[in-house]
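To find a chain, count down the sequence lines: A is the first, B the second, and so on, and within it residues start at 1.
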Protein chains: 2
Amino acid sequence: MPVRPPRPSSPPLNALRAFEAAARLGGVTKAAEELCVTPGAVAQHIKALEDWAGARLFDRHAKGVTLNELGERSLPDFLAAFDQMNRAVQNLRMNAAPNSVRIATLPSLAQLWLSPRMPGLRAAFPQARISIAALEQPPNLAREGYDIAIFLEPKTSRGGLILAEDHILPVCAPALAKQVQQPADLAAMLWLKDSLWPDDWAMWVQKTQLALPNLPETVSYSLYSLALEEARNGAGILMGHDFLVQASLLDGSLVAPFNTPVSTGKVVKARLRDGDQRGLSPRLVRALAAAA
Amino acid sequence: MPVRPPRPSSPPLNALRAFEAAARLGGVTKAAEELCVTPGAVAQHIKALEDWAGARLFDRHAKGVTLNELGERSLPDFLAAFDQMNRAVQNLRMNAAPNSVRIATLPSLAQLWLSPRMPGLRAAFPQARISIAALEQPPNLAREGYDIAIFLEPKTSRGGLILAEDHILPVCAPALAKQVQQPADLAAMLWLKDSLWPDDWAMWVQKTQLALPNLPETVSYSLYSLALEEARNGAGILMGHDFLVQASLLDGSLVAPFNTPVSTGKVVKARLRDGDQRGLSPRLVRALAAAA
DNA sequence: TTCTAGACCTAGAAAAACTGAGCCTAGTAT
DNA sequence: ATACTAGGCTCAGTTTTTCTAGGTCTAGAA
């Protein structure tokens, strides 16, 4: 009759996850957002882990928590462990559904750049189940459930595949263009801008070395496609990104009063998840790059 | 107002753990034992994971499960992930309580070899909080909550620190020894043996090249210390392991009728957990080795 | 054929996690 | 100085998840 004493128990995995998230993001509240629970739940997990270990992992302050020495010492181990765990999960997802591809991209890119290309893509890869998620921030591909990320990055960033350069140029409805004969006329108009790219106008003005008599009124939109729609309706003049307004310029719903495009120093890049170098996603990305 | 769509959810960590255990141990029941739950619970976890992935991981047979191709492909990732996770947990435990040391060893070693040495050890390391667990099988030090494992291993095994050689030699109570003048007398006696080492007698008989007229009666004990106690009470003759009977030989409660010790080819080895090369445990092991 | 080991299934019970509301603290603004 | 605020903690009650018990099913062994 073999002796089988209860083995020393390990702490609950969910508590470890809560600790890792709070430590990585630097706060209980941020961790709670990532884990889609309330901060109280995360606090309880962390407390449970600290009770298990018999020692504190965080210093508590009125404005947030910081890792203490023990926490600081433990964090790298847990980061590595959860990295590996998520990699394993993503690989499993990919192997279990090799025809499903998830693309994460900016809302504007999703609607104005990717969407028009989807029919061609679906035709070229009829077996693929492609889904698109619009995110404002690029996801961590190793951890989150996306296979491809398409975002704006500095030209100088390493890796990834360039899909388009980012050039900006004012655009407006054809009717409005008549009022814009010379650059100085711009100052009299309503400037439309995307709240994600608040500095587009300043950059264009600076690089074209325009001297404007006074600052114009501006309106911000949280979605580029909204601003674009307004521009087409003649609401004002929009700072256009070439890869986003190309279609509208081609169909004539927008025109560019000046032919002075300016590079923002950024590019649209597609990145693949590590460990997904042989599947459907790389072929899909190559097709996108070729079509661009 | 930033768009924050719900990120694609990852599967429950506990389901991953159930899968990993079942795959590693080759069965739902074995995994359930390791996780201290019923097989049904493990089966449900695995099913949940398979539902999440949308694909099966195991082939089900009437007698057990086997990994299918997807499971086989995914297992190494999860083994690595849980290895790392457990390493992280053990490091946390060690760093949180650097004075606590957990030793895992055979029940017999715990009672007859380690226990007599503990007072000296506690005197040499007064700050140490040493706990001992008696296991029949050596634990996986990277995963389970032990810092030191002391077990019998083949002489040829790599690593670890040798604490004692394993020699065997029949021993009995002094009163009984009078009936054993020559080896052939052994056959008439009751042989006591530990059920963990059923072959001790055969090995000794073979190596000493004794020709016994007939096979004696034997009695098995599940604990060596029980057999030893019985031997001291004169119940029969016990195959003694030197490091276990030394104390009894010294205090005279047991004697060895023949001076023909035989090496079993094994040694008592202490092993340390990876990542615990600087703490209290290594010093403790060195002290044990020095005392031996 | 019956027996058995191992897995699966389901309903109900037990345990864990989560929420919501209130409290606390220490910077910051008034 | 006082009020405000952000961020975290705590507690009770609720929801959700997980677990168990007991039964069923299957295929290989006796």
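- Among the nucleotides dA27(D), dC18(C), dC19(D), the one closest to any side-chain atom of Q44(B) is dC19(D).
- Using a 4.0 Å cut-off between a side-chain N of Lys or Arg and a carboxylate O of Asp or Glu, E20(A) and R143(A) qualify as a salt bridge.
- Between the CD atom of E33(B) and the P atom of dT20(D) there is a distance of 13 Å, given to the nearest Å.
- Of the listed nucleotides (dC9(D), dC8(C), dT26(D)), dT26(D) has the atom at the smallest distance from the side chain of A62(B).
- Using a 4.0 Å cut-off between a side-chain N of Lys or Arg and a carboxylate O of Asp or Glu, K47(A) and D51(A) qualify as a salt bridge.
- Nucleic acid contact for T29(B): sugar-phosphate only, since backbone atoms but no base atoms lie under 4.0 Å from a heavy atom of the residue.
- If you take CH2 of W52(B) and P of dT17(D), they are 17 Å apart, rounded to a whole angstrom.
- Considering only side-chain N and O atoms, R60(B) lies nowhere under 4.0 angstrom from the phosphate OP1 or OP2 of dG6(C).
- With rounding to whole Å, D59(A) atom CG is found 18 Å from dG7(D) atom P.
- Per the geometry, NE2 belonging to H45(B) stands 15 Å off P belonging to dC9(C), to the nearest Å.
- The residue among G40(A) and V37(B) whose nearest nucleotide of DNA chain D lies closer to the 5′ end is G40(A).
- Within 4.0 Å of A41(B), counting heavy atoms only, lies at least one base atom of the nucleic acid.
- Side-chain contact between F58(A) and N68(A) is absent, with no heavy atoms from C-beta onward closer than 4.5 Å.
- A straight line from CD1 of I46(A) to C1' of dA17(C) spans 14 Å, rounded to a whole angstrom.
- Atom CG of L35(B) is separated from atom P of dT17(D) by 20 Å (rounded to the nearest Å).
- Side-chain atoms of D77(B) and M85(A), non-hydrogen and from C-beta on, never get closer than 4.5 Å to each other.
- The residue among V42(A) and K30(B) whose nearest nucleotide of DNA chain C lies closer to the 5′ end is K30(B).
- If you measure from atom CG of N14(A) to atom P of dT17(D), you get 12 Å, rounded to the nearest angstrom.
- Following rounding to the nearest Å, L13(B) (CG) and dA16(C) (C1') show an atom-to-atom distance of 14 Å.
- Using bins of under 30°, 30° to 60° and over 60° for the plane-to-plane angle, the ring pair W201(A)/W191(A) lands in the parallel bin.
- With rounding to the nearest 0.5 angstrom, the CH2 atom of W52(B) is 5.5 Å from the CG atom of L92(A).
- Nearest nucleotide to the K63(A) side chain, out of dT10(D), dT4(C), dA6(D): dA6(D).
- Counting only Watson-Crick and G-U wobble pairs whose two distances sit under 3.5 Å, DNA chain C takes part in these stems of three or more pairs: C:1-30 with D:1-30.
- Nearest heavy atoms, S225(A) versus Q111(A): OG-OE1, 2.9 Å.
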